[in-house]
Every structure is written in structure tokens, then in C-alpha cells.
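Contents: one structure, followed by commentary.
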Amino acid sequence: MGWLDGNAAIITGGGSGLGLALVHRFVAEGANVGVLERSPEKADKLRAEFGDAVVVIEGDVTRFRDNVEVVARTVDRFGRLDTFVGNAAIWDFSTRLLDLPEDKLDELFDEVFHINVKGYLLGARAAIGELAKTGGSVIFTASNAAFYAGGGGPLYTASKHAVRGLITQLAFEFAPKVRVNGVAPGGMLTDLRGPGALGLDGTSISSLPIAELVKTCTPLQTLPEPADYTGHYVLLASKANSSTATGAVINCDGGLGVRGIGAIAGGSDL
């Protein structure tokens, strides 16, 4: 018997990394899952692996109609919607403002914020009607960069701070019927990609020597697997175990708030 027996959830970006780990965990906890995934290859793999437990929509989180479709298809298949997990994102590979090409600033800002912020906003808007029927919840993936500098460049850090703002505001707006919370993971090896405007849409964060970096700069001195973060989402999705939580963010970054990351951020060369 799982914590999410009989529930239905939507997870964006569920084809790899943390999103895929969340699909595995939610299914294991008894939930049926709808996934919005941009990659056709990843979508096909999800269908093959999970069968009838998962409905997969190939689409883009930045398009409202795709968010509406995944909600409609999930409810049509499973009869309800209890949780919307906004998870799809891109990283800016910690590119500093002075290193961002001047002729790409507008394009870069729009790309990062459209996926990391607008995608969450559109998903919540598409899901809120069905969530209100079940007394459900919204969960957004934040980041250590939602609290501290150095977890990304200015674009990523600003976008994740904006996610914290969305959590606070939507928790206020959606109460009392729907809870809104977040999870702020630390570093992990995933298929998280960069902006196409920087030519990094085909480059994964796992290509970097992140393992030693995370072990060095966090008090817990471990590099978590994506699956290690999924229990926090299950807790927030469970009505029986987190009915009093809204507007909260579970910070599970290995203790960066204890130690800080100034030692790895580097100084200015102005």
C-alpha cells in the first residue's frame, strides 16, 4: 500500500533525470501518472516501460494548449487529477552575466524564463480546475539556486527565485482548496540541458565534473541520485501526510545553507 494509492498526477519533463525518477516513485506509491515530455524518443520509452500506468503527451511546457492537453488526457484516462508537478527546466551552465553574448541576451532570457517559470505558470493554470475538484496540490521543482547564489548564472538563479515567488503567490491564491509547495534539490547527475541560444541544448549537466564539486561543497559530502529526492515530492503530494503544508519549500540540497557555496563561486575579474 503506497502513500498515493488511487491518485493521479502530472509530471512535466518526466522522460529523464529527476522527472523520470519521479514517475518511477509515484507509480511505485500507487499513483497513475500523466507526463508532458518534449522528446519523442523519451516519450516512447516511457510508454514502453510503464504501459497503462502512464499516459504520455509529446509537447512543450511553454505552450498552454499542450498543458491543457496533458490535463485533459490524464483526467480522461484516470478519472481525476490530484497533483501537478512542474519539473521541466533548463540550466544556464553557470554562465556569468559578463560572459553572456550581448546580442543573445533577449533570446536567452526568454528561453530560460519561458521554460523555467512560464512553463510552471501555464501548467498550474491548466490544472487548477481539476485539482480543485480533488483538493489536490501543486509541487514545483525549485533548486538550491532558489535560495543562494552560485548554483547557476544570473538567468537560472533569477528564474528559480521566481519559482519561489510563484509558490508563495499561488499558495495564497489557490487556498483553501489546493495546496502549493516546492522542493529545492541540490546537485545531481541528470540529463538537464542548457539554452539553445548558447548552443547548449544538446549538452547535459552530467558532462561536467559535478560529482566531486557536490561532494566537496556540501556538508553531507555525497552526490545524490535523482531518486534520492523523490520522497519529498511524495510527502507533499500525500494528503494524509502534508495536509497542513502550503507555500512551503523543502530545501534538500545537502546542507548548502549551512556552509554556503562562496568557496566555489570564484571572484570577480572586473
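Counting from 1, the numbers follow the sequence of the chain as shown. Every value quoted in this text rests on a predicted model; they were computed, and no experiment measured them.
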Handout entry: side chain to side chain contact (heavy atoms under 4.5 Å, CB included) evaluation trace for Phe84 with Val71
Key = CA-CA 9 Å; Phe84 173 82; Val71 170; 5.5 Å; no
Does the pair Tyr148 and Asp253 meet the rule for a side chain to side chain contact (heavy atoms under 4.5 Å, CB included), with working shown? CA-CA 11 Å; Tyr148 318 115; Asp253 57 19; 3.3 Å; yes
### Message
Tell me whether Val183 shares a hydrophobic cluster with Leu235, the cluster being built from Ile, Leu, Val, Met, Phe, Trp, Tyr side chains joined at under 4.5 Å.
### Response
yes
Q) For the residue pair His232 and Tyr229, does the interplanar ring angle fall in the parallel (under 30°), tilted (30 to 60°) or perpendicular (over 60°) class? A) tilted
Output for pair (Ile10 CD1, Thr74 OG1), nearest 0.5 Å, gives 4.0 Å
Open item on the list: Would you say Ile11 ends up clustered with Phe50 if hydrophobic residues are merged whenever their side chains have heavy atoms under 4.5 Å apart, either directly or through other cluster members?
Closed with: yes
Between Gly150 and Ser94 the two heavy atoms that sit nearest each other are O-OG, 4.4 Å
Could you give the side-chain donor-acceptor pairs of residues 162-174 under 3.5 Å, partners two or more places apart or in another chain?
unit_1: Arg164; atom_1: NH1; unit_2: Ala146; atom_2: O; d: 2.8
unit_1: Thr168; atom_1: OG1; unit_2: Arg164; atom_2: O; d: 3.1
unit_1: Gln169; atom_1: NE2; unit_2: Glu173; atom_2: OE2; d: 2.8

Taking NZ, NE, NH1 and NH2 as the nitrogens, is one of them in Glu111 or Lys104 under 4.0 Å from a carboxylate oxygen of the other?
no
Discussion item. Less than 4.0 angstrom from a charged side-chain N to a carboxylate O is my criterion; do Lys45 and Glu49 meet it?
Written reply: no
Any salt bridge between Asp44 and Arg47, counting N to O under 4.0 Å? yes
key: Step-by-step side-chain hydrogen bond (donor to acceptor under 3.5 Å, both in side chains) determination, Tyr233 to Thr83   = CA-CA 10 Å; Tyr233 293 82; Thr83 305; over 6 Å; no
